[in-house]
S.K.: 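The structure is given below, and queries will be raised subsequently.
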Number of protein chains: 2
Amino acid sequence: MLRGDITAAIRNAVMHELAEVGYGRLSIEAVARRAGVGKTAVYRRWSNKLEMVLEIVSGVAERSVPMPDTGSFATDLQLTMFIVSKALQHRIASQIIPDLMAEAARNPKIAETLNKALRTHQTALSEKIVGQAIERGELPKGTDPELAVDLMLGPLYWRLAVLRTPVDDDYLEKVAASVMTSLGATPPAS
Amino acid sequence: MLRGDITAAIRNAVMHELAEVGYGRLSIEAVARRAGVGKTAVYRRWSNKLEMVLEIVSGVAERSVPMPDTGSFATDLQLTMFIVSKALQHRIASQIIPDLMAEAARNPKIAETLNKALRTHQTALSEKIVGQAIERGELPKGTDPELAVDLMLGPLYWRLAVLRTPVDDDYLEKVAASVMTSLGATPPAS
DNA sequence: CCACGACGCAACGGTTGCGTTTCGACGTTA
DNA sequence: TAACGTCGAAACGCAACCGTTGCGTCGTGG
């Protein structure tokens, strides 16, 4: 039986190596070195760098994806943006995500995995928020869910992952308010 | 005197290698191979992979940065978004930009260069557009230029560089309209 | 209590890239 | 035509990493 503590050490090492040197430069030797294990232990679990990274990354991404459903679009929106901003400001995640995104443009398997890990658990989720809001009458009937999601997540990603500017609650509120306005949302009943 | 045609061949090879394998995996040997020149020719011009890439990339980025100043915010906005969307849909640029962005998170020199090449020639430029619009009374006085830029470029970058979804004129208009609305812009005088 | 399996370590041959050096061919300039 | 500098090609020693193998140790399950 493979030892769980060693598997965990390797997973941890992979995430940190990914953050430090990126997928392109990631080497299994360095992973084993960092995890304090032999290369053998790594190859006993995965046969490839690609397979290893995909399994580990999707494993991390899949768990703990909260599901905002607060009953109103305004709070759903704010909560989602808050969660995403926290995730994109996480030291390691903020390095790994743009790196894998760039790599996905070259490697279809990475693209597919990221698709599953991020788009399914985030964009599709956001589209559900929009759908609910339309049903509740908080958003106009013709609202394009895709466009709405782009307006929500685009500025956040741009700010955090591209410009790497820290984001405070005040900024989040401004963006949220802008999204509400531009979508023609009915203000919360408060 | 260094031969210009060979320098050009190397520059071209670097851009294509960057697009295909990314900065992390880019090797000078491969560049020379692709350019059909000897490694000697490369090392005679630059001493590093880093130095070479920075010089070439900033050279490409610096030239031909048009300056939208059409006289109205609405058209400035549309023109800017059109130009940016064209740039981000360029086969090679759309691979290189996210890759270097991710690399910039690790390498301060790359970050600085990208800063100069993109932020100065694009964000600051966009901020000028917003400033002019405020002077003309097309935007409210308190408008935050940074926020405005984020709302303009964020969704575009998200769409094109992250999701890699093609963008048509219809989508561009929708985003532009959303930005106008959320900023409380005065509609064009037409 | 014993065998099995996972462990680390070290070494294997092979590949790739580094940055440098040497060589002969070529073309320009003087 | 003679000197100079760039050119491609090839090889240099060095380092890193690949994926595999053999070894001796240690812990656990049967």
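Within every chain, numbering begins at 1; the chains are lettered A, B, ... in the order of the sequence lines, protein sequences first and strands thereafter.
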S.K.: Atom CG of D5(A) to atom P of dC7(C): distance rounded to whole Å?
M.R.: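 About 8 Å, once rounded to whole Å.
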S.K.: Between dC4(C) atom C1' and R3(A) atom CZ, what is the distance in whole Å?
M.R.: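 Rounding to the nearest Å, CZ of R3(A) and C1' of dC4(C) are 15 Å apart.
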S.K.: Considering non-hydrogen atoms only, spot the tightest contact between L88(A) and S94(A) and give its length.
M.R.: O-CB, 3.1 Å
S.K.: Which whole-number value in Å describes the distance from R45(A) CZ to dG19(D) P?
M.R.: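 After rounding, the gap between these two atoms is 17 Å.
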S.K.: Return the value, rounded to whole Å, for the distance between atom CG of L2(B) and atom C1' of dT28(C).
M.R.: 14 Å
S.K.: Any Lys/Arg nitrogen of R45(A) or E51(A) sitting under 4.0 Å from an Asp/Glu carboxylate oxygen of the other?
M.R.: no
S.K.: With a 3.5 Å distance limit and no angle check, can you tell me whether K49(B) reaches the backbone of L26(B) through a side-chain donor-acceptor pair?
M.R.: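 Yes, K49(B) side chain to L26(B) backbone: donor-acceptor pair under 3.5 Å.
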S.K.: I'd like to check the side chain to side chain donor-acceptor pair (under 3.5 Å) partners of E17(A); sequence neighbours left out, ordered by chain and number.
M.R.: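 E17(A) satisfies side chain to side chain donor-acceptor pair (under 3.5 Å) with R34(A) only.
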S.K.: Which pairs with one or both residues in residues 168-183 of chain A pass salt bridge (charged side-chain N to carboxylate O under 4.0 Å, His left out), sequence neighbours excluded?
M.R.: K174(A)-D144(B)
S.K.: I need the CE-P distance between M1(B) and dC7(D), as an integer number of Å.
M.R.: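 The distance from CE of M1(B) to P of dC7(D) comes to 10 Å, rounded to the nearest Å.
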S.K.: For every nucleotide of nucleotides 8-22 of chain C, 5' to 3': is a protein heavy atom under 4.0 Å from its base (B), only from its sugar-phosphate (S), or from neither (-)?
M.R.: SB-------SBBB--
S.K.: Which is it for Y171(A) and T165(A) under the side-chain contact (heavy atoms from CB on, under 4.5 Å) test, yes or no, and what are the steps along the way?
M.R.: CA-CA 11 Å; Y171(A) 179 82; T165(A) 311; over 6 Å; no
